[in-house]
Student: 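Sharing a structure below in structure tokens format, with a few things to ask.
Labels below follow one simple rule: chain letters A, B, ... track the order of the sequence lines, proteins then strands, and each chain is numbered from 1.
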Number of protein chains: 2
Amino acid sequence: MQSEATHAQVLTTVDVVVLTLVEGVLSVVLLQRERAPYVGVWALPGGYIHAQEDADAQASAARVLRSKAGIEGAYLEQLATFSGPARDPRGWSVAISYCALIPQQLLPAPRSGLKIVPVSAVGQLPFDHGQILQAALGRVRSKSQYSSLPVYFLGESFSLPQLQQVYESILGEPVNKVSFRRKMDELGMLEPVPGAMQAGGAHRPAQLYRVRPEFRQQLALSARGL
Amino acid sequence: MQSEATHAQVLTTVDVVVLTLVEGVLSVVLLQRERAPYVGVWALPGGYIHAQEDADAQASAARVLRSKAGIEGAYLEQLATFSGPARDPRGWSVAISYCALIPQQLLPAPRSGLKIVPVSAVGQLPFDHGQILQAALGRVRSKSQYSSLPVYFLGESFSLPQLQQVYESILGEPVNKVSFRRKMDELGMLEPVPGAMQAGGAHRPAQLYRVRPEFRQQLALSARGL
DNA sequence: ACAATAGTGTCTCTCAGACACTATCAA
DNA sequence: TTGATAGTGTCTGAGAGACACTATTGT
């Protein structure tokens, strides 16, 4: 069949932008490429779709993260799909890109070939990974304005001041405390962890919260921002 | 190379949800399939990516629209990418889906094998086209709440009451006239067509507007809805 | 006691929607 | 003149942010 021959020439890959907060700085995971093209160059985690083992492209992305970066348990969301004859020197290619959010403590120990770079300090990237990174940043910043997306930067339980700081880090501007707490209350996504407080400083301890079970792998959306 | 053999088994296609407003009813273009699988079944316009001729997947979508449905000049926006071993009986496949918005008057004359169906009256669709259609509807309804997306349902020039009716059709609820005009003014995307009025009824004629050149293929976004 | 941050009550200002009014056409 | 729709001025109520206050810890 002629059309079979035609479409078979398209490379199908996934690329993942893994984002985390390091000391309040939005950062991305880069891997040093082990194979051609661009051997030795720092790039986004990515790889071919394996038709034999992957249930869908998101499973491919999860597999790539696990096998190449040792990352598991991240929140995964599909970004856009990039395509064309020029973006990969091997030929006409399709890259289904994903955005992964993960708390810093779930990242693997630093090792050779893996680094975590503040997004403001990322230089030139191979392929069209620069564009993909920009798409991820735009998505995260945009969705943080009206959804609960940023909770995925934090672990199991966290305090409201902590969460507010995450929002402020991503949005790059201070957030009104009263409004923020009102909104979080309205979203109805958090519940206090009974008896769990975050002590530490010479000040009043903060109540710890966790995401309600029914919101675990699902975002809470607000109609009017924040 | 082994990985080459692996990824070559993935079919790469595009599917397009063409939406238009027919008498204020959101409707979708369906084509009767001419080839296996699902010969004769009504489905979304779609086809293989042609690596030799397409500059990217969006170009593939435009080509499919032109060659299979005779549609040109639509606003095109990428939706999500669907993938997996089961969605297409021919094997593991990737479908990059697009949403197309077009004024009714730019649609081709009705012909055998092409129909325009109110989205509320679309029955079962082959592949995962039902999911794709739902994604398109969600996207259009969501974006209509805070952007100028719906202008692509109208032609070159239109009156504000016309545009408001388009918003109301999509959102499924009445829109406040004063707020609507304030927002359109703030978006700064429209300009009055000098001297062009829409007469017709036994009442005051409406000023006609058009999209400013700098906003032609780009959406205007509002921070706070409408 | 005091410094420091957590958490809350309340005021104000902004903005979206409601309402009412004027404008301009055909019959 | 009347009916119908286009277009605008203004009021009001809801909600977001500012501010100030109380609460609770360690030193």
Student: Only counting residues at least two apart or in another chain, list the ones meeting salt bridge (Lys or Arg N to Asp or Glu O under 4.0 Å) with Arg212(B).
Tutor: Glu191(B)

Student: Aromatic rings Phe180(A) and Tyr167(A): how do their planes relate, parallel, tilted or perpendicular, breaks at 30° and 60°?
Tutor: perpendicular

Student: Who are the salt bridge (Lys or Arg N to Asp or Glu O under 4.0 Å) partners of Asp56(B), not counting sequence neighbours?
Tutor: none

Student: Could you check how far CD of Gln164(A) sits from C1' of dA16(D), rounded to whole Å?
Tutor: 14 Å

Student: Could you note down all residue pairs passing side chain to side chain donor-acceptor pair (under 3.5 Å) where residues 15-31 of chain B supplies at least one of them, sequence neighbours left out?
Tutor: Asp15(B)-His129(B)

Student: Each nucleotide in nucleotides 4-12 of chain D should get exactly one letter: B, S or -. Can you fill that in based on protein heavy atoms under 4.0 Å?
Tutor: BBBBBBB--

Student: Give a yes/no answer on whether the side chain of Asn176(B) brings an N or O atom under 4.0 Å of OP1 or OP2 in dA18(C).
Tutor: yes

Student: Given pairs defined as Watson-Crick or G-U wobble with both distances under 3.5 Å, what dot-bracket annotation applies to DNA chain D, with ( ) intrastrand, [ ] crossing, | other strand and . unpaired?
Tutor: |||||||||||||||||||||||||||

Student: Figure out the CD/C1' separation between Gln145(A) and dG17(D), and round it to whole Å.
Tutor: 17 Å

Student: Under the side chain to side chain contact (heavy atoms under 4.5 Å, CB included) test, which residues partner Ala69(B), sequence neighbours left out?
Tutor: Leu31(B), Ile71(B), Leu114(B)

Student: So, using side chain to side chain contact (heavy atoms under 4.5 Å, CB included) as the criterion, who are the partners of Gln207(B) when residues are at least two apart?
Tutor: Pro192(B), Met197(B), Tyr209(B)

Student: For Gln134(A), which residues count as a side chain to side chain contact (heavy atoms under 4.5 Å, CB included) partner, sequence neighbours excluded?
Tutor: Leu137(A)

Student: Expressed as a whole number of angstroms, how long is the span from Met184(A):CE to dG15(D):P?
Tutor: 17 Å

Student: Let me know the distance between OH of Tyr146(A) and P of dG15(D), rounded to the nearest Å.
Tutor: 21 Å

Student: Going by the side chain to side chain donor-acceptor pair (under 3.5 Å) test, which pairs reach into residues 98-116 of chain B, not counting sequence neighbours?
Tutor: Gln78(B)-Tyr98(B)

Student: Just how far, in rounded Å, is C1' of dT5(C) from CD of Glu168(A)?
Tutor: 14 Å

